[in-house]
Amino acid sequence: MDFTASDRISALLPRLRQFVAEEILPLEADPASYDGHENIRLDLRDAVRARARAAGLYAPQMPEARGGLGLTMAEQAAFYEETNRSIFGPSCFNCAAPDDGNMRCLEMTATEDQKRRWLQPIIDGTVNSSFAMTEPHPGGGSDPGMIRTRAERHGSRWRIHGHKWFISGAAVARHFILIARTDPDMGETRRHLTAFLFHADQPGWRIVRRIGNLGPDEHGGVCELEFDGLEIDDADRLMQVGDGLRLTQIRLGPARLTHCMRWLGLAKRSMEIAKAYVETREGFGLRLSERESVRIKLGEVAHDIQIGRLLTMHAAWKLDQGDLARKEVSSAKIHVADTLHKAVDTAIQLCGARGYSTDTVLEWIYRYARAARLVDGASEVHKMVLARFYEKEGSDYWRWG
C-alpha cells in the first residue's frame with residue numbers, strides 16, 4: 001500500500017477546506033439555516049450545491065461523464081473526511097447518505113437506460129432517493145434472509161405487498177430502490193430477493209409515519225412504509241431476478257465505509273472545538289490545556305481517530321483492488337463508530353456546560369453519533385462477521401495483500 005496522496009486529491013483538498021470554511025461552516029451558527037429536523041434547509045442546501053458544483057467539488061463518487069469527480073475509494077476517503085468538518089458538508093457536496101450509497105449502487109448495477117432515468121436526476125440534485133430494505137419483526141433487519149415484503153409477477157409487472165421501516169430519506173425521496181422477496185424458499189443459493197426501482201408518485205404504497213428519534217435527521221428522516229399492490233414494470237427491475245442479496249452487498253459495503261469517512265470528519269471537528277476551548281479556558285491558575293489529564297484525553301482520541309483513518313483507508317484500498325473487503329469494512333465500521341462517540345463525548349466533557357449546550361454543534365454530533373453503532377448493521381453483527389472470518393482463515397486473517 002502507498003499512502004501518498006494522489007496529485008488529484010492533493011489539488012482538491014485545499015480548495016475543499018476553503019469552501020467548507022467560507023461557504024458552509026458559517027451557516028451552522030444561524031438558526032435560519034436549519035429545517036424542522038435539524039438539518040440544513042433544502043433550498044439553502046441546493047444553493048450551496050450550485051456553488052460547490054461551479055467550484056468543481058461536487059459528487060466526488062460519480063464518474064466525470066455524469067458530472068462527478070470520478071474519485072477512487074481511497075481518494076474519496078480523504079475527500080469525505082474533509083466534507084464532514086461541517087455537519088452540513090456531505091449534503092452540500094452531494095455525498096451524504098442515503099443518496100451517496102444509492103448513486104454508487106445504481107452506477108454499478110443499473111442498465112444505461114435505468115441510469116439515465118433513475119440515477120442522473122440524483123446526481124444532478126433534482127431528486128432525493130431512498131433505499132427500502134429494513135422491516136419490523138418478523139421481517140428482515142440485519143438479516144436479509146428474513147425479508148418478508150413480497151413481489152409477485154403478473155406478466156410484465158410485479159405487485160408489491162409488505163411493510164418496511166426506518167427507511168432513510170423516504171419523506172422527501174422521489175426515487176426508491178426496493179428489496180423484496182421473489183422466491184418463498186431462500187435455499188442454499190440465497191437467491192430469494194430481487195431489487196426494484198419505483199417513483200414516489202406511483203400508487204399502491206404509502207408512508208405510514210415519519211419515526212421520531214433522538215435526531216438530528218437526514219433529509220426525509222426515517223419512515224415506516226406500507227406496500228399494498230404497488231405495481232412495478234419489469235423494466236424497472238435491477239439486475240436479474242434473485243440478485244437482490246448480491247445487490248444489497250454491493251450497496252451496503254461501500255456505504256458503510258463512506259459513513260466511516262464522514263464520521264472521521266465529525267470526530268476531528270469535535271476535537272477541534274475542544275482543543276480551541278481548553279487552550280483559552282482557565283481554572284485554578286492553569287489553562288485546561290496545561291493539565292496532564294486533559295492532554296491525555298486529547299491524545300487518546302487523536303490516537304483512535306488515526307487508527308480509524310488507517311482502517312478506513314485500508315478498506316478503501318481493498319475496494320479499489322476489486323475486493324469486497326468485507327472484514328476490512330466491518331473492522332472500520334466498528335472502530336470508527338466507537339471513535340466518533342468517544343471523540344464527541346470527550347469534547348463535551350472538556351468543554352463543560354458549553355459543550356452540553358447548543359452554543360456549539362457538539363450536542364448535535366453527540367446525538368447523531370449514537371446511531372453510528374446501529375446504522376448499516378449493528379456493531380455486534382460486524383463482530384460476528386469478523387469472528388466467522390477468523391474461524392475460517394485462522395492466522396491468514398492477518399495476511400497482507
Side-chain angles (χ1 to χ4, degrees), residues 3 13 17 20-21 24-25 28-29 38 77-78 80-90 214-216 256-315 328 330-376 378-380 382-383 386:
F3 288 95
L13 289 181
R17 290 189 191 108
V20 170
I24 305 179
L25 280 177
E28 295 177 359
E38 300 179 278
Y80 281 47
E81 182 181 303
E82 200 66 44
T83 68
N84 225 161
R85 183 171 175 238
S86 168
I87 59 175
F88 296 156
L214 278 173
R256 291 175 178 125
L257 195 63
T258 53
H259 268 315
C260 294
M261 298 170 188
R262 291 185 291 260
W263 294 342
L264 287 165
L266 285 180
K268 288 167 64 179
R269 173 73 184 287
S270 299
M271 298 312 293
E272 176 186 326
I273 294 170
K275 186 174 184 293
Y277 184 76
V278 300
E279 286 175 349
T280 57
R281 186 69 162 114
E282 293 185 4
F284 303 101
L286 285 175
R287 287 199 312 259
L288 292 182
S289 61
E290 295 172 333
R291 296 191 176 278
E292 195 67 18
S293 59
V294 170
R295 297 170 73 184
I296 288 172
K297 282 181 179 290
L298 290 171
E300 284 180 349
V301 177
H303 170 73
D304 286 342
I305 290 173
Q306 183 64 358
I307 293 172
R309 298 176 85 219
L310 293 172
L311 287 169
T312 299
M313 188 61 76
H314 182 218
E328 290 79 11
S330 286
S331 285
K333 173 70 167 57
I334 295 164
H335 179 83
V336 175
D338 287 344
T339 295
L340 173 57
H341 193 270
K342 180 178 180 178
V344 68
D345 185 70
T346 299
I348 288 173
Q349 191 70 16
L350 293 179
C351 290
R354 183 171 184 266
Y356 191 71
S357 75
T358 57
D359 282 0
T360 74
V361 296
L362 291 176
E363 60 83 29
W364 189 107
I365 299 172
Y366 186 85
R367 288 180 291 118
Y368 176 88
R370 186 56 188 89
R373 305 205 314 267
L374 295 170
V375 298
D376 283 349
S379 294
E380 291 76 11
H382 290 288
K383 290 174 183 178
L386 298 183

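Just so it is clear, the model here is predicted, and its values are computed rather than measured.
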Student: Pair up each side-chain donor or acceptor in residues 340-348 with any protein partner under 3.5 Å, not counting sequence neighbours, and list the distances.
Tutor:
unit_1, atom_1, unit_2, atom_2, d
Lys342, NZ, Asp304, OD2, 2.8
Thr346, OG1, Lys342, O, 2.8

Student: Does Lys275 come within less than 4.0 Å of Glu279, counting only side-chain N to carboxylate O?
Tutor: yes
Student: Can you measure from OG1 (Thr339) to CD1 (Ile334) and round to the nearest 0.5 angstrom?
Tutor: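 If we round to the nearest 0.5 Å, Thr339:OG1 and Ile334:CD1 are 11.5 Å apart.
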Student: Could you please spell out the steps behind the side-chain contact (heavy atoms from CB on, under 4.5 Å) verdict for Arg287 and Val278?
Tutor: CA-CA 7 Å; Arg287 287 199 312 259; Val278 300; over 6 Å; no
Student: Looking at side-chain heavy atoms only, is the closest gap between Arg269 and Val361 below 4.5 Å?
Tutor: yes
Student: If you measure from OH on Tyr366 to CG on Leu214, what distance do you get to the nearest 0.5 Å?
Tutor: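 Answer rounded to 0.5 Å: 9.5 Å.
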Student: Can you spot which of Asn84, Leu311, Val336 makes a side-chain contact (heavy atoms from CB on, under 4.5 Å) with Leu264?
Tutor: Val336
Student: Heavy atoms, side chains only, cut-off 4.5 Å: are Leu310 and Phe3 in contact?
Tutor: yes
Student: With no hydrogens and no angle check, do the side chains of Ser331 and His335 hold a donor and an acceptor under 3.5 Å apart?
Tutor: no
Student: Quick one: does Thr83's side chain have a donor or acceptor within less than 3.5 Å of a partner on Tyr80's backbone?
Tutor: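 At least one qualifying donor-acceptor pair exists.
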Student: Under a plain distance cut-off of 3.5 Å, with no hydrogens placed, do Thr358 and Glu363 share a side-chain donor-acceptor pair?
Tutor: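 No.
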Student: Do Glu290 and Arg295 sit within salt-bridge range, that is, some charged N less than 4.0 Å from a carboxylate O?
Tutor: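 No, Glu290 and Arg295 are not salt-bridged.
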Student: Please determine whether the number of non-hydrogen atoms from other residues, nucleotides or ligands lying under 6.0 Å from atom CZ of Arg367 exceeds 12.
Tutor: yes
Student: Take Tyr368 and Trp263 through the side chain to side chain donor-acceptor pair (under 3.5 Å) test and state the conclusion after the steps.
Tutor: CA-CA 10 Å; Tyr368 176 88; Trp263 294 342; 3.2 Å; yes
Student: Would you say Leu288 and Leu350 make side-chain contact, with heavy atoms under 4.5 Å?
Tutor: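 No, too far: nothing below the 4.5 Å cut-off.
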Student: Would Cys351 and Thr360 satisfy side-chain contact (heavy atoms from CB on, under 4.5 Å), going step by step from the backbone distance to the final call?
Tutor: CA-CA 10 Å; Cys351 290; Thr360 74; 5.8 Å; no
Student: For side-chain contact (heavy atoms from CB on, under 4.5 Å), just list the numbers for Tyr356 and Gln349, CA-CA rounded to whole Å, side-chain angles, deciding distance to a tenth of an Å, and then say yes or no.
Tutor: CA-CA 8 Å; Tyr356 191 71; Gln349 191 70 16; over 6 Å; no
Student: Carefully, step by step, assess His259 and Arg256 under the rule side-chain contact (heavy atoms from CB on, under 4.5 Å).
Tutor: CA-CA 5 Å; His259 268 315; Arg256 291 175 178 125; 5.7 Å; no
Student: Rounded to the nearest 0.5 Å, how far apart are OG of Ser270 and CD1 of Ile365?
Tutor: 4.0 Å
Student: Would you call Glu380-Lys383 a salt bridge at under 4.0 Å N-O?
Tutor: no
Student: One thing to verify: whether Arg262 and Glu81 come together as a salt bridge, which I'm taking to mean a side-chain N less than 4.0 angstrom from a carboxylate O.
Tutor: no
Student: I want to check something: taking the side chain as every heavy atom from C-beta on, are Glu82 and Arg17 in contact at a cut-off of under 4.5 Å?
Tutor: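 A side-chain contact exists here, since the closest heavy-atom pair is under 4.5 Å.
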